[in-house]
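Because the structure is a prediction, the values reported are computed rather than measured.
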Amino acid sequence: MKHETESKCNIDEYVEVFGNKWNLVIISNLRESTLRYTELQSRMQGINAKTITTHLRKLEEYAIIERKIYAEVPPRVEYSLTKRGKALLPVLKAMAEWSKKNPLLKMTENEANGKTEI
């Protein structure tokens, strides 16, 4: 029984990261390069500064991204993927490929009626 509880907790942790579109958008934007906060913000439409900051902190807490603060005036802050964050990129690519092959909004008639084709 303990194993089921541990598995559920692990799944909950992954859903926390993958189940939130803003986390995925942040990771996707950082996949190719390090970005300053304002660059990241300009690439993300429909999200306010507080929400971005909240998600950046959570991803930093999970060691998926790192924040580097430069002692300048004005201060410069850059975000990049950690080694752990970069390890997620193949998973995200696989999810994107799966979604192209299996669009959830376009089910076949059999799928809509609960019939599975093998």
Side-chain angles (χ1 to χ4, degrees):
M1 193 70 160
K2 184 179 178 183
H3 179 67
E4 289 178 25
T5 305
E6 288 176 5
S7 294
K8 185 175 186 227
C9 292
N10 287 339
I11 290 169
D12 290 345
E13 290 173 1
Y14 292 110
V15 168
E16 181 96 17
V17 175
F18 292 116
N20 185 290
K21 83 172 188 177
W22 295 122
N23 288 351
L24 296 176
V25 171
I26 289 168
I27 294 167
S28 178
N29 277 299
L30 294 174
R31 76 183 180 277
E32 293 179 11
S33 65
T34 297
L35 295 174
R36 294 175 73 169
Y37 179 85
T38 54
E39 293 171 319
L40 188 57
Q41 186 178 30
S42 69
R43 292 178 182 210
M44 299 175 67
Q45 302 298 317
I47 184 171
N48 63 43
K50 181 181 178 193
T51 303
I52 292 174
T53 301
T54 300
H55 289 284
L56 286 170
R57 287 182 180 155
K58 196 57 126 171
L59 290 170
E60 188 177 7
E61 181 181 316
Y62 292 142
I64 293 170
I65 66 168
E66 67 180 342
R67 176 178 55 157
K68 187 171 184 181
I69 303 169
Y70 294 88
E72 301 173 349
V73 178
R76 178 170 47 123
V77 179
E78 293 181 341
Y79 294 91
S80 60
L81 291 177
T82 62
K83 185 176 180 181
R84 185 181 203 183
K86 289 176 183 175
L88 286 172
L89 296 178
V91 175
L92 297 179
K93 184 177 180 182
M95 289 170 63
E97 289 172 5
W98 181 87
S99 70
K100 286 178 187 173
K101 294 176 185 175
N102 300 284
L104 296 177
L105 298 177
K106 296 180 182 176
M107 293 187 285
T108 67
E109 187 175 325
N110 284 339
E111 290 172 326
N113 292 325
K115 298 176 183 174
T116 306
E117 297 177 20
I118 298 179

**Fill in**
So CE of Met95 and CG of Leu24: to nearest 0.5 Å the spacing works out to 5.5 Å
**Request:** Measure the spacing between CG of Leu35 and CG of Leu40 and express it to the nearest 0.5 Å.
**Result:** 6.0 Å
**Request:** Of all the heavy-atom pairs spanning Trp22 and Met44, show the shortest one and how long it is.
**Result:** CE3-CE, 3.6 Å
**Asked** Between CD1 of Ile26 and CD of Gln41, what distance do you get to the nearest 0.5 Å?
**Response** 11.0 Å
**Asked** With a 4.5 Å limit on heavy-atom distance, are the side chains of His55 and Asn20 in contact?
**Response** yes
**Message:** Within this structure, what is the CG-OG1 distance for the pair Leu88 and Thr82, rounded to the nearest 0.5 Å?
**Reply:** 8.0 Å
**Message:** If the threshold is 4.0 Å, N to carboxylate O, is there a salt bridge linking Glu97 and Lys100?
**Reply:** no
**Prompt:** Atom CG of Asn29 and atom CZ of Arg31: how far apart are they, to the nearest 0.5 Å?
**Reply:** 7.5 Å
**Complete:** The reported gap from CZ in Arg43 to OG1 in Thr38 (rounded to nearest 0.5 angstrom) is 10.5 Å
**With sequence neighbours excluded, residues passing side chain to side chain contact (heavy atoms under 4.5 Å, CB included) with Glu32** = none
**Asked** For Lys58 and Glu61, what are the C-alpha separation, side-chain angles and deciding distance, and is it a salt bridge (charged side-chain N to carboxylate O under 4.0 Å, His left out)?
**Response** CA-CA 5 Å; Lys58 196 57 126 171; Glu61 181 181 316; 3.7 Å; yes
Let me have the donor-acceptor pairs involving side chains of residues 73-81, under 3.5 Å, with sequence neighbours excluded, atom names and distances please.
from	atom 1	to	atom 2	distance (Å)
Arg76	NE	Glu72	OE1	3.3
Arg76	NH1	Glu78	OE2	3.0
Arg76	NH2	Glu72	OE2	3.0
Glu78	OE1	Tyr70	OH	3.0
Ser80	OG	Glu66	OE2	3.4

